[in-house]
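Taking it in order: structure first as structure tokens, then the write-up.
Note that the structure is predicted; figures quoted are calculated from it, not measured.
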Amino acid sequence: MTALTNSGDFLEYLACVRERYHVFALPSIHRGEFDTTYQIYKEGQWHVIGRHDPPNEYLIFDLLGVYQQNGKTNTTK
């Protein structure tokens, strides 16, 4: 599930993921781009779980099923 969200929800999501995994924040490798990609290492592979593209675009890639909207886990795919 992928969702475009606000900074508060994004930080809440990262906190939930950090309860289970070490989250790596990796800045863009491209000149002139300022986005940050958030990844975890799970089952021998790297997985992108989120991305922040300043100033206010927050994307969640919820591979773990922990992202919630309105108090319920969002299962939209």
Check whether more than 12 heavy atoms from other residues, nucleotides or ligands sit under 6.0 Å from atom CZ of Phe24, and answer yes or no.
yes

Interatomic distance, CG@Leu11 vs CZ@Arg18, rounded to 0.5 Å, equals 8.0 Å

If you look at every heavy atom in Val23 and Val17, which pair is closest and at what distance?
CG2-CG1, 3.7 Å

Do Asp62 and Ile49 have side-chain heavy atoms sitting under 4.5 Å apart?
no

Do Ile40 and Leu64 make a side-chain contact, defined as non-hydrogen atoms from C-beta onward lying under 4.5 Å apart?
yes

Output the distance between atom CD1 (Ile60) and atom CZ (Arg51), rounded to the nearest 0.5 Å.
14.0 Å

Val66 to Cys16 - nearest heavy-atom pair and separation:
CG2-CB, 4.1 Å

Do Lys42 and Tyr21 have side-chain heavy atoms sitting under 4.5 Å apart?
yes

Any heavy-atom pair between the side chains of Gln39 and Leu26 that's under 4.5 Å?
yes

Do Glu57 and Leu4 come within less than 4.5 Å of each other through their side chains, counting heavy atoms only?
yes

Within a strict 4.5 Å, meaning less than it, do heavy atoms of the Phe61 and His47 side chains meet?
no

Check whether any side-chain heavy atom of Tyr67 lies under 4.5 Å from a side-chain heavy atom of Asp9, and answer yes or no.
yes

Going by heavy atoms in the side chains, are Thr5 and Tyr13 under 4.5 Å from each other?
no

Relative to each other, are the rings of Tyr58 and Phe10 parallel, tilted or perpendicular (30° and 60° limits)?
tilted

